[in-house]
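Report on the following structure.
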Amino acid sequence: MAPIPGLRNLLLAAAAAVITSAGAVYVLVQPDDATRKITGTAAAAPGLAWSVDATAAYDGASPEFRDPVAGTEYDIGSAGFVEAGDTLVAVVGSSDGDMSLRNPTMIGIDAASGAVRWRTPAAHLGGCARAPLDNHLVCFTGPSEPPALIGYDIGSGKVTRTSLEWSVFALATAEDRLYLAEGDVESDDVRVHSGTLADPDAHWTRAFTMGTAWESLPADALDVAHGQGLFALGADLAGFDLRTGAPTWTAELTGCSRTTQTNPALVVRIHTDCTGYRITGSDILDHTGRVLATTDHEAAHSLSIDLPTDDTVPVLLADGARDRRTGQLMWTSPDLVTQPRTTQSEYGNATSGSAIAVLGDVALLRDDAAGTTTGLDMRTGRRLWQHATERSGTPNAWDGDVVVFADSTGLWAIDPKSGGTVWDIPFRAVTDVPDALSDGGQVTARGKGHYVYASARTLIGLRPLGR
């Protein structure tokens, strides 16, 4: 296998390995290398700062990176990592294509250099939080292990274990607090607790009479990232105050309906008929459960990135934009609805919402039926630009200037205000190893021009040239 240029983890002669007693934790200290220009890319493109191959980070066969959020009890997650300041935390283990990930290991990677700081065993985890708490990545054990919280120290990988009397099925963090849900979802006997890693119900405990089948348990049952607590099980929704746990509202989902969350403490409820999985309308609920706005339009949007400048930027609902505080209709645009499909199907709607990202004051739209990508001014609804779609990757990251897309062939960035391509990085320009980067992954912007991309086999750091 040909090496990837800049793969400093393989340069063991340049590394000093320090072994601690915390479960065979390894810290690799390596010198800083210059960021490398990626051949054939534009002057505006970031260079390759570092790369980490799964085979260098793991001592086992067929290693692959996984996002810790999905846990390790089953191999159901995708490539990714949790961003924890100057450390990236990922899982690496042996994947054989079935539902298990053998010998999973949690690793901490220096976000600036790519050096592997530590390794700690990470078997039988049911899931982990998307953000660290008190310098720890907090996880919970899966059903095959005694109930416990497992905290991985971000700096060292040292494990803190807190035994529990209840089995956790959802966990989240916000600011200085831990939130977890536990109980029997099939008996409508569940509770949400707020506390810390050491004392998980230190702040409050609230019981909720709601549930679902275990096989229908959603991955996002507990959301605390949008200014309120939202608990969703089966057909039941419940809002709660993050500081006190006091219930604030309840609502129901009919049929196969679903929700998306946005700031400040808004829930978009998308009404969907299970017969043919057709959308019949949508509404917006505020932090009290009050319906701010409603529509019977079939178009609903699926945003990969939702980062409006502030709450004065309206929220999209079908073919229009609504004031986030009052629900008042601010403007409409036909660009928000795709062209009808040329061939009808017994499943789904003829048209859909076209928005794929909200970036500051701009909405990014893609209409696959028309073959166009469009930028809309979110404050006025005015079309800023429209181009023929040449590549249909997913918008993964926004650094405040450009939005970065990814597909199986590479990464590229466009200016959302003009639609122009700013840079393009083919994966084969980074490495000549087939499929080293092309099997799908996660892109995170760590600042203007600074990115990390994770595929199943390789992680790379990108940053501006000249530093």
Side-chain angles (χ1 to χ4, degrees), residues 4 7-10 22-28 30 49-95 100-133 135-140 142 150-159 171 173 219 396-397 406 436-437 439-446 450-462:
I4 299 175
L7 187 58
R8 287 169 295 181
N9 296 68
L10 297 178
V25 175
Y26 299 88
V27 180
L28 301 180
Q30 300 171 330
W50 53 263
S51 56
V52 179
D53 191 273
T55 58
Y58 179 80
D59 186 17
S62 304
E64 293 189 1
F65 291 112
R66 293 290 185 268
D67 188 338
V69 171
T72 62
E73 184 85 345
Y74 305 104
D75 187 15
I76 58 176
S78 58
F81 53 86
V82 169
E83 190 174 12
D86 62 359
T87 301
L88 310 173
V89 182
V91 167
V92 62
S94 292
S95 175
S100 64
L101 189 69
R102 298 190 308 277
N103 301 319
T105 300
M106 198 77 73
I107 64 172
I109 299 171
D110 187 305
S113 70
V116 178
R117 289 177 165 175
W118 50 264
R119 298 179 177 91
T120 305
H124 307 299
L125 299 179
C128 301
R130 295 186 181 278
L133 175 72
N135 202 43
H136 286 78
L137 177 62
V138 183
C139 308
F140 62 94
I150 309 295
Y152 293 86
D153 185 276
I154 299 301
S156 68
K158 182 180 179 181
V159 168
L171 181 148
T173 59
N396 272 233
L437 296 165
D439 49 5
Q442 169 188 343
V443 184
T444 295
R446 293 182 48 80
H450 294 71
Y451 314 98
V452 176
Y453 173 75
S455 73
R457 296 173 178 83
T458 308
L459 273 66
I460 61 173
L462 303 170

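Please read all numbers here as calculations on a predicted model, not as lab measurements.
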### Query
Who pairs with S100 by side chain to side chain donor-acceptor pair (under 3.5 Å), at least two apart in sequence or on another chain?
D98

### Over all atoms of both residues, closest heavy-atom pair of A57 and V92
O-CG1, 4.1 Å

### Query
How far apart are the C-alpha atoms of L459 and W50, what are their side-chain angles, what is the distance that settles it, and do they pass the side-chain contact (heavy atoms from CB on, under 4.5 Å) test?
CA-CA 8 Å; L459 273 66; W50 53 263; 4.0 Å; yes

## Note on the structure
All heavy atoms of N396 vs all of G441, minimum pair found to be OD1-O, 3.6 Å

Donor-acceptor pairs under 3.5 Å, side chain of residues 76-91 to any protein atom, not counting sequence neighbours: which ones?
residue	atom	partner	partner atom	Å
E83	OE2	R446	NH1	2.6
D86	OD1	R117	NH1	3.3
T87	OG1	R117	NH1	2.4

#### Entry: Partner residues of N103 under the side chain to side chain contact (heavy atoms under 4.5 Å, CB included) criterion, sequence neighbours left out
Y58

### Message
Can you list everything that forms a ring-ring contact (aromatic ring centres under 6.0 Å, His included) with Y451? Sequence neighbours excluded, please.
### Response
W423

### Task
Determine yes or no for a side-chain-to-main-chain donor-acceptor pair under 3.5 angstrom, with T72 supplying the side chain and A122 the backbone.
yes

### Task
Can you sort out the partners of D153 under side chain to side chain donor-acceptor pair (under 3.5 Å), two or more places apart, ordered by chain and number?
S156

### Task
Determine which pairs satisfy salt bridge (charged side-chain N to carboxylate O under 4.0 Å, His left out) with at least one residue from residues 69-80, sequence neighbours left out, and list them in order.
R66-D75

### Message
Looking at T120, is its backbone amide N or carbonyl O close enough to the side chain of T105 to form a donor-acceptor pair, meaning the two atoms are under 3.5 Å apart?
### Response
no

### Query
Could you give the distance from NE2 (H124) to CG (L101), rounded to the nearest 0.5 Å?
11.5 Å

### Message
Keeping T173 on the side-chain end and A131 on the backbone end, is there a donor-acceptor pair under 3.5 Å?
### Response
yes

### Query
Is there a side-chain contact between M106 and V159 (heavy atoms, below 4.5 Å)?
no

### Message
Show the nearest heavy-atom pair for residues L137 and A129, with the distance to one decimal.
### Response
CD1-O, 3.4 Å

### Query
Stepwise, does the side-chain contact (heavy atoms from CB on, under 4.5 Å) test hold for K158 with W118?
CA-CA 9 Å; K158 182 180 179 181; W118 50 264; over 6 Å; no

### Message
Please enumerate all residues that pass salt bridge (charged side-chain N to carboxylate O under 4.0 Å, His left out) together with R457, with sequence neighbours excluded.
### Response
D439

### Message
Minimum heavy-atom separation for L125 and C128, please, with both atom names.
### Response
CD1-SG, 4.1 Å

### Summary
d(Y152 OH, H136 NE2) to nearest 0.5 Å is 11.5 Å

### Task
Write down the atom of G155, the atom of N135, and the distance for their closest heavy-atom approach.
N-ND2, 4.3 Å

### Non-hydrogen atoms of P104 and A123 that approach each other most closely
CG-CA, 3.6 Å

### Task
Could you tell me whether a side-chain N or O of T458 sits under 3.5 Å from a main-chain N or O of L437, the two making a donor and an acceptor?
no

### Query
To the nearest 0.5 Å, how far apart are CZ in F140 and CD1 in I150?
11.5 Å

